[in-house]
Amino acid sequence: MTSLILSTATRFLLPLFLLFSIFILFRGHNQPGGGFVGGLIAAAAFALHAIAYDVKRTRRLLGIDPRNLSALGLLVAMGSGMISLFLGEPFMTGQWLTLSFWPVGQLEIGTPLFFDVGVYLVVIGITLTIILSLAEE
Amino acid sequence: METLLAFVVGGLYAAGLYMMLRRSVLKLIIGLGLFGHAANLLIFTMGGLTRAQPPILFGLPADAAAGVADPLPQALILTAIVIGFGVQAFALVLIRRAVQAVGTDDLDQMKATDT
Amino acid sequence: MGLVSAVLSGFVLALIAPWIYRIARGATGWLLAIFPLALFAYFLSYIGAVAAGDVVRVSYPWVPSLGINLSFYLDGLSLLFAFLITGIGALVLIYTGGYLKDHSHLGRFYGFILFFMASMLGVVLADNTMGLFLFWELTSVSSFLLIGFEHEKESSRAAALQALLVTALGGMALLGGFLLLNQAVGSWEISELVRQGDAIRTHSLYIPIVLLVLAGAFTKSAQFPFHFWLPSAMEAPTPVSAYLHSATMVKAGVYLLARMTPALAETALWTGTVTAVGAVTMVFGAAIAFRQSDLKLILAYSTVSALGIMMMLLGVGTAGAVQAMVVFLFGHALYKGALFMLAGAIDHEAGTRDVNRLAGLRSAMPVSAAAGLLAALSMAAVPALFGFYGKELFYESLAEDYLMPVLLFASVLTSMIFVAVAVLAGIKPFIGETTSSAKQPHEAPISLWLGPVTLAATGLVLGLWPSMVDKSALLPAIHAVLWRPVFLELALWHGLNPIFLLSMATLASGSGLFIFRSRLLRLFSWLDALRDCGPRNGYSLALAGLNAAAQAQTRVLQSGYLRYYLLIVVATATVLSGYKLLQDIESLSFGRLFDVTFYEAAPALLILLAAFMATRVRSRLAAIAALGVVGFSVALVFVLFSAPDLAMTQFSIETLTVILFVLVFYHLPRFAILSSAWTRARDTFVALTAGGLITAIMLKASGVELHPKISTYYIENSVPLAHGHNIVNVILVEFRGLDTLGEITVLAIAAVGVYALLKFWPGKTETR
Amino acid sequence: MKIQLILPLLIPLTTAILSLLAWNWSTGRRAISVAGAFLLLADAAWLLATVWDDGIQVMAMGNWPAPFGIVFVADLFSAMMVVIAGVMGFAVAIYSLVTMDRGRESFGYYALLHFLLLGVCGAFLTGDLFNLYVWFEVMLMASFVLLALGGERPQMEGAIKYVTLNLISSALFLAAVGLLYGVAGTLNMADLAQKLRAPDDANLVTTIAMLFLVAFGIKAGIFPLFFWLPASYHTPPVAVSAIFAALLTKVGVYALIRVFTLLFVQDIGYTHTVILILAGLTMVTGVLGAIAQNEFRRILAFHIISQIGYMIMGLGIFTQAALAGSIFYTLHHIIVKTNLFLVSGVAHFVHGTYDLKKLGGLYKNFPGLSFLFLIPALSLAGVPPLSGFFGKLTLAQAGIASEQYVIVATALAVGLLTLFSMTKIWLEAFWKAPPQLPTEACDAKALGSRAAYYLLLSPIILLALLTLIFGFAAEAILVVSLRAAEQLMNPAEYIRAVLGKTS
């Protein structure tokens, strides 16, 4: 299942896909997108890699078991919600930090973004778990 | 359009149910898939349909904001879609295992666990 | 507090009895007997006060929310029963030590029997109907455990089950009766209920109350047609038969009716039912007892008969009848307990209980023979033994009302049989020529004869000097039932009145019955044919019927066919909600049907078309494709109606799903048409009905908007408070972030599941 | 802000995640699981105490006010349910230490157990209808995997029915939520309660209510929607059966009670009568199903259905006393039924079978276990003074007070039949001599060590003790149940707690 064109293309496409997925992730708060779709795109990139090479190489490339990735994602999502608990506010209360990059502008960073990152990680994790283990069958 | 969609939803439910009443386990899961679509469309319809005014306020003048589509059903459906995907993925693999274990996709052969 | 600990300490002792046995071994019975003896002495201390008309009542709130108190009540009736329970209980404990010597479960046996003793005390002392019911059920449970004591015997288990089911049936009825009583008068306390007798008798619930309470009493006291469990219960070790199934537990029903007499009696319903059932039981039990040859069965059926006598007397309910009932009850407990214990001792020594094979044991077992003689004479109601008084009063009470010749006739007949049976069970084994038996009989050890000798001797002593008990113990019991002053003086000699003559005639003809027993049995042997249509068979039939009905129902409902399950579920939903919808079907709104452009209608129609195709196609790939088309068209609808996030997600998910479908089902065969045309027509109908229902609900609901939607809040606050412009996304990660947390959890679990299903299954040995 | 209200969510979730991450470390997983279960129990008790002392607790997630955000609400009913879920989680977590096989352990069993608890606690605590759907799905997904984990053929067959029927339920639930949103424009249950109180179109609301009844009825296992339960409950390892028996149907019961006291009281002449009729039919069909069985676990599974009837009966009668009876009964039943499953597991451990024909001799060889069986078995049958008696008594008394004699008679008669099938187990598995002597492999030694046996018995003893406490100290439980029922019958308190100002 190794096609030279595909594997070469994948080598370029993979980082592009990943960048794009992160873009979609962060843009989600204001434009269509978000952690879920972003995660799917990233997962698709790795799936493509698995098709181009083989599952073993993809697993090595990932460096982390996708199951752990989804567990970590859950942990991130939950953790982002727990920050507010320590401040005496209800679970998942958004905490916002406004960073000024004068003169470029301001960047608002908040726990909901971390939450979305958690979603992103979970989606990558589970999609790859399913696809890779199906492919190994 | 709501009325039309009401019929579409009813049709989807009917088709999904009919599929589930067949003996093939594959038809069963396709039926479940149709059910999922039906439920999503139902919520979408019941939330009220709005044309070409997505609930995205980016660059939207303040007075236009009031007319955007109801975002809540959309959020609900999104959650439902994703959950449905997880369930369906699992159900698919389950059925594959079941077919392997029983040796057929005929549901009538899978009744050993009832009395 | 004394009464409470008198009842409850027995339970504690029951719990530790097995451990006591481990230490004390052979001496356990003697040691444990101290407990009931102490209780006996304790109750004895009340005898003066109770005879003087005092009652003791203690009450502690237990479940006040339901009005249930832990309340106990000691009056003459309770006291009489308490004496029987503790007195005979002590003897039975000693007897057990000899009878079940070295049995591997003897420790448990002691525990059970003490448990029973405490429960039985609870029954007779409880003042709260729920308390009474509690102990009542505990006696059933302990009876179950004791009857099934030889639990590896099939017959023991069956008998235990039978006894439990019959008495629990009654218990259920009794609970119902008590519930209704509480509903009628608003009290659980018996002492309150008996005061409200008039209110109860005129209450609209009176008839069900009486029938339910009677059902409870009749099952417990083995009245026809519920009597059959008692003979079966003879599977139990003999101490159990002597204690539970003759002296105490089976009298609980009698106790209950006596107790409830002031509250419920003196109506035609009560008198008629109780008298009739008692009389039938009396004659029936006696007749069958006469036919038996197993010592224990003879005694069991005669117990049934004796219980019938007591019931009948309660039903008659006159002062004389109640007097007779109490005196008879007391006498019966004495002689029947003795005879049962003797039967056990004989079985133990001679190795058989068959009266036809037993004879001549007097020389080997002189003490037992003496006890047997005394007990049998008491049962036969020979003057100078206590049994005599019960019989005299019994005849007297029926004779005093000349309207009861039938009852009197039946009673005389029964008493005749009692004479014969008494001789058969208490005397015959000891007289005549010794038969060759497998075992060389010896006198039983003291633990085995102490009980019968004590009881039989008591019968003799009290028979000679009845004044020892008549006013102190028996009269207060009678008062407790009648609630009016009566006079009781038991005397050996009343003069040569007709009743005395009748008694003598009974004795003579009863002896005749004994002598001609075998001939009579042959004469009536044709009655054997009736054996298979008794209530016992009713029980078996009911059990078999229950099982058959259960099997049939389960086969039909839990058929194993998933599609039938689905059909039923969907039909239920359709009927339940359709019923309400149909009530105003005319208000469906079709208003916005034509408010649609072509390019909007196209994806909608495509969905319908694809869904239809999915049901028709025969190739699995085509079906999957059809499903995909539905999904993508739904996404199109989302695009058209301002839901870009939804559309995006739907597109990507749908793609992924189709890939998964193909991956998973690549190797499956084509669909076969597995169902008949009729089935498909039926399914089509059901499916269209259910779908139509949903459409109808939607049409109806889209015409209704009761309240403005809450969405304006999100639109207004998304940017200022939640720092986001994509409201859907803001809802997902902020306003309703918890949904999303749950959603990704579902995904994570699904992944665990998929992984486990793919990597871990029986065919696959590799783990991890 | 009361942190104990959110911890029933965070503790199981954290536990589950940590168990997932520790997939390579068996001891760690076990320790995490037991510790997590214990913490959940402790927090649940804390929560219950708080609710008892300070009234209904509310936490608005993300600090978004109701009805716009999702709120967690703990009234006494939900707090009691969370406590009982904690007890069950703890008991089963310990029981699993001995009975769960290595394969399942390493494929995520402990994580799934706590995911299940997460879904259950979330469902008990959420005050938002759609959020309830989400927690239902979490619970269901975890139960799907638990049921199928191991991949044996009976598991697969049972799982297909289980999954399908439960997905139908979810689909109905989702549709009903959509319809209700279309009509009332909100998802918060307190807000819905207010808006549905006097709707212009009661028939439409009732129609939707019936969809909820069927959706939750499937989960609760009421007649005629219970088919998934007997088809599947006896297929997985017994610890899984036990936790299923403890919690799954009860979440359905909880949801039924919640929505039919808070939301759908417009037409109780129809809705609650339907519920009452279904309750009676559920009792009867369930117990008859049990009588027809000859296998320890299958008998128990059918009895769940029968007992669900009692829990629904109080809802159908719809008085405070009746609801208190339902709540009491539910709590009692969870303890007792789980315990029976645990005992059946020990029997299976000893003899390698659940078949009553092949079982026997337990009374002779395991007297302690036998008496531990008797406590829940007699309690289930309603023998006083055990917990079941007070549950039945409360319900029966409430039924008679409402003059619902038929259902009371049914309830009492079904109690008798329950006793019958419990004695059947007793006679066959305990009293009967074993058909053949247990082979060396199946003997008590198969349990490993004595310590393992006692560890196995410890949750059984714990639950038996609870049964006794529920009996002897029935008053304490009843008082709380009555107060909980009062909160359910007068939703004003709930609505005020969630929405702040009164309606």
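A, B, ... follow the sequence lines: proteins, then strands. Residue 1 opens every chain. For clarity, every value in this text was computed on a predicted model and none was experimentally measured.
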TODO: Step by step, work out the side-chain contact (heavy atoms from CB on, under 4.5 Å) result for C/Phe651 and A/Leu40.
DONE: CA-CA 11 Å; C/Phe651 269 120; A/Leu40 277 185; over 6 Å; no
- [ ] Let me know if A/Thr127 has heavy atoms under 4.5 Å from chain C in its side chain, its backbone, both or neither.
- [x] side chain
Open item on the list: With heavy-atom distances below 4.5 Å as the criterion, would you say the side chains of A/Phe115 and C/Leu741 are in contact?
Closed with: yes
Open item on the list: Within a 6.0 Å radius of atom CZ on A/Phe114, are there more than 12 heavy atoms belonging to other residues, nucleotides or ligands?
Closed with: no
Open item on the list: Do A/Phe36 and C/Asp645 have side chains that approach each other closer than 4.5 Å (heavy atoms only, starting at C-beta)?
Closed with: no
Open item on the list: I'd like to check A/Thr129 versus C/Val754 (side-chain heavy atoms, cut-off strictly below 4.5 Å). Are they in contact?
Closed with: no
Task: Atom group of A/Val119 that falls short of 4.5 Å from chain C, counting heavy atoms - done: both
- [ ] Determine the option with the most heavy-atom pairs under 4.5 angstrom with chain A, choosing from C/Gly753, C/Gly737, C/Ala748, C/Pro644.
- [x] C/Gly737
TODO: Mind listing the closest non-hydrogen atom pair of C/Met648 and A/Pro32 along with its distance?
DONE: SD-CB, 4.0 Å
Open item on the list: Looking at every non-hydrogen atom in both residues, tell me the closest pair between C/Asn726 and A/Gln31 and how far apart they are.
Closed with: ND2-O, 2.9 Å
Task: pair A/Ile131-C/Leu656: side-chain heavy atoms closer than 4.5 Å - done: yes
Open item on the list: Let's test your reading of the structure: which of C/Val752, C/Val719, C/Leu738, C/Val728 forms the most heavy-atom pairs below 4.5 Å with chain A?
Closed with: C/Leu738
Task: CG-CG distance between C/Leu758 and A/Leu134, expressed to the nearest 0.5 angstrom - done: 5.0 Å
Task: Interatomic distance, C/Glu734 atom CD to A/Thr111 atom OG1 [nearest 0.5 angstrom] - done: 6.5 Å
Open item on the list: I'd like to verify something: which residue of A/Leu128, A/Thr93, A/Ile130, A/Leu113 has the highest number of heavy-atom pairs under 4.5 Å with chain C?
Closed with: A/Ile130
